[in-house]
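Here is the structure we will look at.
Residue numbers start from 1 in every chain, and the chains themselves are labelled A, B, ... in the order their sequence lines are given, proteins ahead of strands. In this text the structure is predicted, and so the values were computed from the model without any measurement.
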Amino acid sequence: MPDINITLPDSSVKTMPAGSTPQQVADQIGPGLARAVVVARVDSKLVDLNTPLNYDCSLELFKGDSTVGHDTLLHSTAHLMAQAVKELYPDVKITIGPTIENGFYYDFDLEQTFSDDDLARIELKMKDLAKADQEINREEISTQEAIELFRDLGETYKVEIIEDIDPKETITTYTQTNFTDLCRGPHVSRTGKIKYFKLLSTSGAYWRGDESNKMLQRIYGTVFASKEALKTHIHNLEEAKKRDHRKLGKELELFTFDDEIGPGLPLWLPHGTVIIDELEQLAKETERRAGYQQVRTPHLTKGKLYEKSGHLDHYRDSMYPAMDVDGLDYYVKPMNCPHHHKIFASSPRSYRDMPIRLSEYGTCYRYEKSGQLFGLMRVRSLQMNDAHIYCTREQFKDEFLDVCQMYIYYFKIFGIDKYTMRLSLHDKEGLGKKYINEPELWLKTEQWVREALQEGNIDFVEVPGEAAFYGPKIDVQVWSAIGKEFTLATNQVDFAVPEKFNLQYKKEDGQNKTPLCIHRAPLGTHERFIGFLIEHFGGNFPLWLTPIQVAVLPVSDKVLDYAGKISHTLQDANIRVKLNTRADKIGAKIRQAELEKINVMLIIGEKEEVNATVSVRRRFEGDLGQMALSELIADLTTEINTRRIAHSEKAEAATE
RNA sequence: GCCUACGUAGCUCAGUCGGUAGAGCACUUCCUUGGUAAGGAAGAGGUCACCGGUUCAAAUCCGGUCGUAGGCUCCA
């Protein structure tokens, strides 16, 4: 057999007989790599380790701890799980089993449902199948052969998938012993390469994600290249749960839900209300500077208005049902837009008045389906950080960009850096159904938005089919502690509704013209934003935002009077303070304040009373020694007014 | 809305085979006046989510309703 030259990433060349496999190359390099390698790249194409190499080529070998290798491992473990399920439950029909971030799932059609015991059984079976070190072999077949193969196996879902594939394409299958799955690959070459995996949870999932289809059973799992990596991953999941806003919200007494009030209707407790107030304060300041005017509108409105706006058409199912008032349908408002349009229309407008920016922190009600509710992130009563900007076409780009820059300004204040700006566009199929049927206006406004972002040097991704029904939008996507994706803020173009409401302003030439409207909510809703902030800060709020800023802790009852005076002085200086007068020892009082995540603790004993000082202890910093109260107030006031994020100047310096 | 699991004191949780409930923390009172993450004692606190069924007897078994969780679908 002739030899071939295989070039490795370090430019070294290995000469091996033609027909050698990447695994054999790894075997030659060393036993460690031979064990750890899971997939190979030959001339920039990912291939299985047992693919024969017949020509001179370049070769990269990936271990399971690389991005590419991990993905292969995940995918192969999904197959291993399907094999185990099929052996344990012969009646099962397999469907799809893709990889996701740090995990995989596989959807099964089976009469019986999977319990935790089943999960444990499946995991044990997988261990056996992995240890058996089965060979995994790739095969190329025609569409017709594939259909026959899977039809004979009774795998009707696979047949359905193949029927949707272009018949000219070659189909590949992967077989391990008696289990064959349709798959593009690549996969690990032997099941023995799969070692450190865990099945995590089960759930229902619609076939092809369509709720009119049958509900299948999904099993989620994960796999890693090493025991440590798996352990770390599971540890991280547990740590994330500690940051969950639902848990912290309860512990820090920020908000609560009550069965007798209703699902998705939060009660804001005093501590949570402080945070809302601080946020609103920030929004009001920022918007006043940016030329917004605040308005207020009622919670109830006649149905006719929502017919006009198109909301009843598009969102009737997620509005609370109408109530009959004097024979007319009234609705609780699901958003503020039509009301603001009415304010715009309440008096004649000139081009000199434009743009007009109306803001409102109004409470809206949306009937979210029960299964959608999620702590504060998805609720039925919500207070929006809402505003509508009415502007001319010439002003549009500047206004839109200003709004985007307002997000960035806010995100800087909160230290939010993990987010994606998503330009949500229409799709042609939705025109006249999901979207207002104005093909040219869609393209035009989408281009304006794109240009505004480009001119502002703002990074974004484009996603077709995600627009609002009346125009394109920018959504800011973030992730909750447990990895759920949410839209935190939104900035939308509305080229249609102002027309429906016959909104007009008079141009210089005396002609009437319909303005464009920008809907924007940089802080989204108070509920979601605070839910997000709780997780973002892990409950360790910066001083300006934290419900209780200072805990005054007397060492003994002897100094209660002095401690009371300190507490009053702080209160007079507009600092939120809590005086602990309990008969506990100082250690217990400190512990209590730590658990409540109070940033600043003042230890007040006889020494302090004699010296007329306070001893300062800060979270994450410890004892900072004595200082005059006036000095402390000055420092804290600066920290609050500048909305400093870090808990200490030291920590702040370290991150810069 | 759909699939699955769960619901016991304010919180976190135990409660075996069906015999009407328990711990720790928190709370109240008393003792202790203690210097940087829990001093001690006593007391009080529950229609076991709700409604119905089976049973001599239900927190426990069965059905329904409500709520929560993990997903799916949806999101102006």
Side-chain angles (χ1 to χ4, degrees), chain A residues 105 107 113-116 118-119 200-220 241 244 246-247 250-251 253 256-264 306 309-319 333-338 364 366-375 377-378 382 384 386 434 466-471 473 475 482-484 486-487 490 492 494 497 519 521 528 553-560 582-595 601-608 615-619 621-625:
Chain A
Y105 64 80
D107 286 349
T113 55
F114 295 122
S115 65
D116 286 354
D118 289 316
L119 232 56
L200 297 170
S201 60
T202 59
S203 85
Y206 300 108
W207 167 235
R208 299 201 146 170
D210 183 337
E211 68 184 315
S212 58
N213 285 341
K214 183 164 184 183
M215 182 154 279
L216 308 168
Q217 293 189 67
R218 175 171 297 180
I219 302 179
Y220 286 91
K241 278 186 198 152
D244 192 313
R246 293 166 297 183
K247 186 175 158 67
K250 196 179 271 183
E251 285 170 6
E253 296 180 17
T256 189
F257 290 91
D258 189 295
D259 283 5
E260 291 192 276
I261 288 172
Y306 296 117
S309 67
H311 286 94
L312 264 178
D313 251 11
H314 284 268
Y315 301 107
R316 183 187 294 272
D317 287 349
S318 35
M319 286 168 68
K333 68 174 169 186
M335 28 76 237
N336 306 304
C337 339
C364 298
R366 295 180 181 182
Y367 177 70
E368 300 284 359
K369 291 196 230 161
S370 62
Q372 317 298 1
L373 300 174
F374 179 74
M377 302 292 205
R378 199 75 178 268
L382 45 117
M384 287 209 274
D386 206 5
K434 235 165 103 181
E466 289 289 325
F469 76 83
Y470 44 64
K473 58 178 181 172
D475 287 326
I482 59 168
K484 263 184 201 264
F486 286 96
T487 299
T490 183
Q492 313 173 348
D494 189 336
V497 182
H519 304 240
R528 184 173 292 177
L553 311 177
V555 174
S556 82
D557 284 1
K558 290 182 194 148
V559 289
L560 270 186
R582 301 177 57 96
D584 287 333
K585 288 194 183 179
I586 192 66
K589 289 181 185 178
I590 288 170
R591 180 169 188 272
Q592 185 57 34
E594 285 283 348
L595 292 176
M601 289 163 243
L602 302 184
I603 316 298
I604 309 296
E606 292 181 78
K607 272 187 280 181
E608 286 76 11
S615 280
V616 181
R617 179 195 161 99
R618 289 197 64 142
R619 295 190 67 216
E621 289 178 76
D623 191 352
L624 300 177

Next on the checklist: It should be established whether A:Tyr220 places a side-chain nitrogen or oxygen under 4.0 Å from OP1 or OP2 of nucleotide B:U4.
Outcome noted: no

Item to check | A:Lys247: salt bridge (charged side-chain N to carboxylate O under 4.0 Å, His left out) partners, not counting sequence neighbours | outcome: A:Glu251

Checklist entry - Reading nucleotides 59-68 of chain B 5' to 3', which nucleotides get B (base under 4.0 Å from a protein heavy atom), which S (sugar-phosphate only), which -? => result --------SS

Checklist entry - How far, in whole Å, is B:U47 from B:U36 if one measures between their P atoms? => result 43 Å

Next on the checklist: Test your reading of the model: is there a side-chain donor-acceptor pair from A:Asp244 to the backbone of A:Lys241, 3.5 Å cut-off?
Outcome noted: no

Item to check | d(CD, A:Gln492; C1', B:C75) in whole Å | outcome: 11 Å

Next on the checklist: How many whole angstroms separate atom OH of A:Tyr315 from atom P of B:A76?
Outcome noted: 5 Å

Next on the checklist: How many whole angstroms separate atom OH of A:Tyr206 from atom P of B:G71?
Outcome noted: 15 Å

Checklist entry - Under the side-chain hydrogen bond (donor to acceptor under 3.5 Å, both in side chains) test, which residues partner A:Ser370, sequence neighbours left out? => result none

Next on the checklist: Suppose you measure atom P in B:U8 against the same atom in B:C51; what distance do you get, rounded to whole Å?
Outcome noted: 16 Å

Checklist entry - Between A:Phe114 (CZ) and B:U4 (C1'), how many Å, whole number? => result 12 Å

Checklist entry - Contact class for A:Lys333 (heavy atom, under 4.0 Å): base, sugar-phosphate, or nothing? => result nothing

Item to check | Interatomic distance, A:Glu368 CD vs B:A76 P [rounded to whole Å] | outcome: 10 Å

Checklist entry - Is a side-chain N or O of A:Arg366 found less than 3.5 angstrom from the main chain of A:Pro334, in a donor-acceptor match? => result yes

Next on the checklist: Suppose we screen for salt bridge (charged side-chain N to carboxylate O under 4.0 Å, His left out). Which residues come up paired with A:Asp494, at least two apart in sequence or across chains?
Outcome noted: none

Item to check | Nucleotide nearest A:Ala205 (side chain, heavy atoms from C-beta), chosen from B:C72, B:G70, B:A76 | outcome: B:C72

Checklist outcome for this item: In 5'-to-3' order, the base (B), backbone-only (S) or no-contact (-) status of each nucleotide in nucleotides 27-37 of chain B, using a 4.0 angstrom heavy-atom cut-off, is S----BBBBBB

Item to check | Partners meeting ring-ring contact (aromatic ring centres under 6.0 Å, His included) with A:Tyr470 (sequence neighbours left out) | outcome: A:His519

Checklist entry - Could you give the CG-to-P distance, from A:Asp107 to B:U4, as a whole number of Å? => result 15 Å

Checklist outcome for this item: OH (A:Tyr306) and NZ (A:Lys333) are apart, to the nearest 0.5 Å, by 7.0 Å

Checklist entry - Is the shortest heavy-atom distance from the side chain of A:Leu553 to the side chain of A:Leu602 under 4.5 Å? => result no

Checklist entry - Which is true for A:Tyr470 with a 4.0 Å heavy-atom rule: it touches a base, it touches only sugar-phosphate, or it touches nothing? => result sugar-phosphate

Checklist entry - How is A:His314 classified with respect to the nucleic acid when contacts are heavy atoms under 4.0 Å: base, sugar-phosphate, or nothing? => result nothing

Checklist entry - Got a sec, which residues hit side-chain hydrogen bond (donor to acceptor under 3.5 Å, both in side chains) with A:Ser615, two or more places apart in sequence or on another chain? => result A:Glu608

Item to check | Inter-residue atom distance A:Asp623.CG - A:Met601.CE, 0.5 Å rounding | outcome: 11.0 Å

Checklist outcome for this item: Checking B:G71, B:U73, B:G70 against the side chain of A:Phe374 (C-beta onward), the nearest is B:G70

Checklist entry - Got a donor-acceptor contact below 3.5 angstrom from the A:Arg528 side chain to the A:Leu382 backbone? => result no

Next on the checklist: Tell me every residue that passes side-chain hydrogen bond (donor to acceptor under 3.5 Å, both in side chains) with A:Arg582, counting only those two or more places apart in sequence or in another chain.
Outcome noted: A:Asp584

Item to check | Interatomic distance at P, B:U73 relative to B:U54, whole Å | outcome: 43 Å

Checklist entry - Got a sec? Which of residues 207-214 of chain A come in under 4.0 Å of RNA chain B, heavy atoms? => result A:Gly209, A:Glu211

Checklist outcome for this item: Atom OH of A:Tyr105 and atom C1' of B:U73 are separated, to the nearest Å, by 13 Å

Checklist entry - Given that both pair distances must be under 3.5 Å and the pair must be Watson-Crick or G-U, what runs of three or more consecutive pairs involve RNA chain B? => result B:1-7 with B:66-72, B:10-13 with B:22-25, B:27-31 with B:39-43, B:49-53 with B:61-65

Checklist entry - Okay, side chain of A:Gln217, backbone of A:Phe114: is any donor-acceptor separation there less than 3.5 Å? => result yes

Checklist entry - Of all residues at least two apart in sequence or in a different chain, which pass the side chain to side chain contact (heavy atoms under 4.5 Å, CB included) check with A:Tyr206? => result A:Glu211, A:Met215

Checklist entry - If you measure from the C1' atom in B:U55 to the same atom in B:U65, how many Å do you get, rounded? => result 23 Å

Checklist entry - How many Å lie between CE on A:Met377 and C1' on B:G71, as a whole number? => result 17 Å

Checklist entry - So what does A:Ser318 hit on the nucleic acid, given a heavy-atom distance under 4.0 Å: a base, only sugar-phosphate, or nothing? => result base

Next on the checklist: Can you say whether a donor on the side chain of A:Arg378 sits under 3.5 Å from an acceptor on the base of B:C75, or the other way round?
Outcome noted: yes

Checklist entry - Counting distance only, does the side-chain N/O of A:Lys589 pair as donor-acceptor with the main-chain N or O of A:Pro554 below 3.5 Å? => result yes

Checklist entry - Where each residue is assigned the nucleotide of RNA chain B containing its nearest heavy atom, which of A:Thr490 and A:Lys369 is assigned the position nearer the 5′ end? => result A:Lys369

Checklist entry - What pairs with A:Phe469 under ring-ring contact (aromatic ring centres under 6.0 Å, His included), at least two apart in sequence or on another chain? => result A:His311, A:His314, A:Tyr315

Next on the checklist: Can you say whether a donor on the side chain of A:Gln372 sits under 3.5 Å from an acceptor on the base of B:U73, or the other way round?
Outcome noted: yes

